[in-house]
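As the structure is a computational prediction, the values presented were derived from the model and not from experiment. Residue numbers count from 1 along this sequence.
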Amino acid sequence: MRCFPAPQNPCKADDDVTEQHQYDESKIKTLSSLEHIRKRPGMYIGRLGSGSDPDDGIYILLKEVIDNAVDEYIMGCGKQIEIAVDAEGHCRVRDYGRGIPLGKVVDCVSMINTGAKYNTEVFQFSVGLNGVGTKAVNALSEQFMVCSHREGRFKKAFFAYGVLAQEEEGATAEPDGTLVEFLPDRKLFADFTFDLAYVEQRLWRYAYLNAGLRLRLSWADAAEREYLSRRGLPDLLAKELDGGGIYPAIERKEQALEFAFTHTEDYSETYYSFVNGTYTSEGGTHLSAFREGILKGVNEFAGKKYTGEDVRDGLVGILAIKVQEPVFESQTKNKLGNTDIRAWIVNAVREAVADHLYKNPETAEIFLAKVQRNERMRKELQSVRKEAKAQAKKVAFKIPQLKDCKHHPQPGKPSRPGEENMIFITEGQSAAGSIVSSRDPLTQAVFSLKGKPLNVHGQKLDILYKNEEMYALMQSLNVEDSVTGLRFDRIILATDADVDGLHIRNLLLTFFLHYFDALVRQGHVYILETPIFRARNKKQTVYCYSEREKDEAVRGLKAQAAGGNVEVTRFKGLGEISPPEFKQFIGPAMRLQPVRIDSLSDVRPVLEFYMGKNTPGRRQYIMEHLVVQPEQGA
C-alpha cells in the first residue's frame with residue numbers, strides 16, 4: 001500500500017488575509033429583480049454606450065417599449081403608436097392597444113417573469129422580451145412612469161431608479177392603451193444623446209415589418225414625422241434597391257411567413273431576415289430554409305438541376321417569419337435555432353416561387369437568363385481559380401503578408417467574450433512593423449499591403465484571382481467560398497492619416513463593398529483611429545486625434561507648466577509611432593469607427609462617384625468644397 005503525503009491546501013492564506021476576506025453566510029446576497037438588472041445591465045441590454053452606436057443601450061430601452069406597443073398591433077389592437085424624444089433624452093411611447101390589466105400594472109414593469117407574453121392566447125407572436133423588456137427599462141432609468149387606460153379607468157405608477165415611488169388610479173376619458181415615459185440613467189449612460197438617424201431607421205423597420213401600422217415621432221423641437229408602409233416587405237426591398245432589381249420582386253405574404261426578393265447585377269447574396277420583428281443578422285434555420293426553397297422552386301419550374309450558387313448569386317431577399325416559441329442561439333438574438341420550422345418554410349417558398357414563375361413568364365425569362373449567366377461565369381472562374389491556387393502554392397505554403405494570431409472563430413463556434421480576434425490591414429512594412437511589435441499575438445493578426453491596392457470598382461470576379469494582393473487578402477480572411485468562413489471577428493483598416501492613407505482606405509472599402517458587402521452589413525469592418533499629434537511637456541504626454549484636441553492639449557499643458565515649452569509632434573504615418581506607444585492605441589482603449597451601410601441603394605452611386613471614371617465630376621466637387629486654411633502667423 002502506497003502512502004502519499006497529505007496535499008497542501010492551495011487556498012490556504014495568511015491569517016490576516018483570511019480575516020479580511022472571511023467567507024460565511026453574511027457574504028451571501030440576494031438581489032431583487034431590478035437590482036440585478038442595475039448590477040449586470042449588459043446581461044439584459046448588451047452594451048451601454050452613449051448613443052453614438054445604433055446598438056447602444058439607450059436605443060435598446062426605447063426598442064423594448066415600442067416592441068410591446070407593436071405586439072398590440074400584431075394582435076389586432078391599435079393601429080397607431082406615438083413616440084416622443086425631447087432634447088434632454090426623455091422618451092414617451094403611447095399605444096392604443098388593450099392596456100395592461102390595471103391590477104397588474106406595477107408587477108408587469110417591476111417583476112421579472114411577469115407578463116402576458118407567456119400566454120399564446122393573448123400574444124401569439126411576441127416581439128418584445130418575454131417578461132424582461134420594460135423591467136430593464138424601469139431599472140435602468142432615472143425616472144420611469146407607466147399608465148394603463150382600460151375601459152374608462154386608469155392606473156399610473158411612478159418609479160425612480162427602479163424603485164416604486166407613487167401610484168395613482170381613477171376614471172379617465174382617454175382611449176384604451178398604454179403610456180410609458182422614461183429618462184435613461186445618466187450614471188449608466190454617461191453623456192448620452194439619441195441620434196435621430198438611428199431612431200428613424202428602427203421606426204422604418206417597424207413600419208415595413210407591420211404593413212398598415214402608423215408610427216408618429218415627435219423629435220425635440222422638430223416637426224412631427226410619420227412612418228407608414230402599405231405593402232410591407234416589398235416597400236423595404238424597393239427602398240434598398242432603388243430601382244436596381246432586374247425583374248419585379250417575387251413576393252408572398254401569409255400569416256406566419258412573408259418574403260420578397262429579386263436579383264441585381266451585383267455579386268454575392270444579400271438577405272435581411274427577421275423573426276417576430278427581431279433582425280437576425282446571422283440568419284439561422286429560417287434563412288437557410290428560405291434559400292433552399294428558392295433553389296427548389298426554380299429547379300422545379302425549369303426542370304433543371306441548377307446549383308444554389310448559380311440560382312442565388314446577385315439575389316437580394318427579405319424574409320420575415322412569426323414563431324410562437326423562437327429559440328435563438330445567443331442572448332443577442334442574432335441567429336435562429338428552431339429546427340422544426342425548416343420543412344414548412346422550404347415547401348412554402350418552393351411552391352410560391354414555382355407558382356410565380358409559371359404565372360409571370362417575362363419574370364421567369366429574366367430570372368433564368370440571370371441563372372445561366374451566373375453558371376457561365378462560375379465555369380469561367382473555375383480555370384482562373386485553379387491557376388491562381390497553383391501559382392500561390394509555388395510562391396509559398398503560407399501567405400507572406402499575413403502575421404496570423406492564435407485564436408480564430410469557427411463556424412458554429414464563435415469566439416468567447418473577451419477573446420474576439422481581429423486583423424489589421426496596414427500599408428507597408430513600416431506601419432506593419434509597429435503593429436506586429438505591439439500586438440497581442442493571441443487575438444491580433446496583421447496583413448501588410450505591398451502598396452496601393454487595385455481599384456476593383458466595376459471589375460469582374462476573376463480579378464480577385466489574377467491580382468496577387470487581392471487573392472492573398474481573400475485567402476487570409478477565408479471568404480472565397482462564403483463570408484460565413486470569416487476567420488476574424490473584426491477587420492480593421494489601419495492606414496495613415498495623410499492623403500495617401502485615406503486613398504488606400506477608400507480602395508479597401510471599395511474592395512469590401514464590391515465583392516464582400518455582407519462583411520460590412522454584418523458589422524465586421526472597422527476603421528482604426530490613431531492620434532495625429534503628440535503634445536508633451538516634462539510632466540505629461542497627450543495624444544490628439546484632431547486639430548481641436550491638439551489646441552486644447554497645448555493650452556492645458558502650458559497652463560500646467562506655467563507657460564513652459566510644449567513639444568508638438570505630428571505623426572505623418574503609423575510607422576512613426578514607436579511600438580511601446582502604439583500598444584495603447586490597439587489595446588482595450590482602442591478607438592474604432594464601424595463602417596455601416598444605411599441602404600444598399602446608397603452603395604452603387606457612392607462608389608460610382610468616388611471610384612468610377614467620372615474624373616471631371618470629382619474635380620468639380622473638390623473645387624467647390626476645397627477649404628484652404630491660412631498658415632499660423634500669416
**Study point:** salt bridge (charged side-chain N to carboxylate O under 4.0 Å, His left out) involving Arg534 - partner list, sequence neighbours excluded
**Key:** Glu581
Does a salt bridge link [X] with [Y], judged by any charged N lying under 4.0 Å from a carboxylate O?
X: Glu265; Y: Arg373; answer: yes
X: Arg596; Y: Asp53; answer: yes
X: Lys466; Y: Asp462; answer: yes
X: Glu200; Y: Arg225; answer: yes
X: Arg505; Y: Glu427; answer: no
X: Asp313; Y: Lys370; answer: no

Check your understanding: Does Arg521 count as lying over the ring of Tyr272, i.e. NZ or CZ under 6.0 Å from the six-ring centre, within 45 degrees of the axis?
Key -> yes
Practice item. Taking the six-membered ring of Phe192 (Phe, Tyr or Trp), confirm whether the NZ or CZ of Arg186 is under 6.0 Å from its centre and within 45° of its axis. Key: yes
Verify the ring-centre separation between [Y] and [X]: is it less than 6.0 angstrom?
X: Tyr271; Y: Phe261; answer: no
X: Tyr247; Y: His263; answer: yes
X: Tyr227; Y: Tyr208; answer: no
X: Phe571; Y: Phe533; answer: no

Point to revise | Results of side chain to side chain contact (heavy atoms under 4.5 Å, CB included) for Val436 - residues two or more places apart only | key: Lys403, Arg439, Val446
Revision key, fill the gap. Partner of Arg487 under side-chain hydrogen bond (donor to acceptor under 3.5 Å, both in side chains), picked from Asn421, Asn478, Asp404, is Asp404
Review point. Between Tyr465 and Glu480, does any side-chain donor sit less than 3.5 Å from a side-chain acceptor?
Key: yes
**Study point:** Asn467 (side chain) donor-acceptor with Met470 (main chain) under 3.5 angstrom
**Key:** yes
Practice item. Determine whether more than 12 heavy atoms belonging to other residues, nucleotides or ligands lie under 6.0 Å from atom NZ of Lys460. Key: no
Taking distance alone, no hydrogens or angles, what donor-acceptor pairs closer than 3.5 Å link side-chain atoms of residues 452-459 to residues at least two apart or in another chain?
unit_1: Lys452; atom_1: NZ; unit_2: His503; atom_2: ND1; d: 3.1
unit_1: Asn455; atom_1: OD1; unit_2: His457; atom_2: N; d: 3.2
unit_1: Asn455; atom_1: ND2; unit_2: Met611; atom_2: O; d: 3.0
unit_1: His457; atom_1: NE2; unit_2: Glu608; atom_2: OE1; d: 2.9

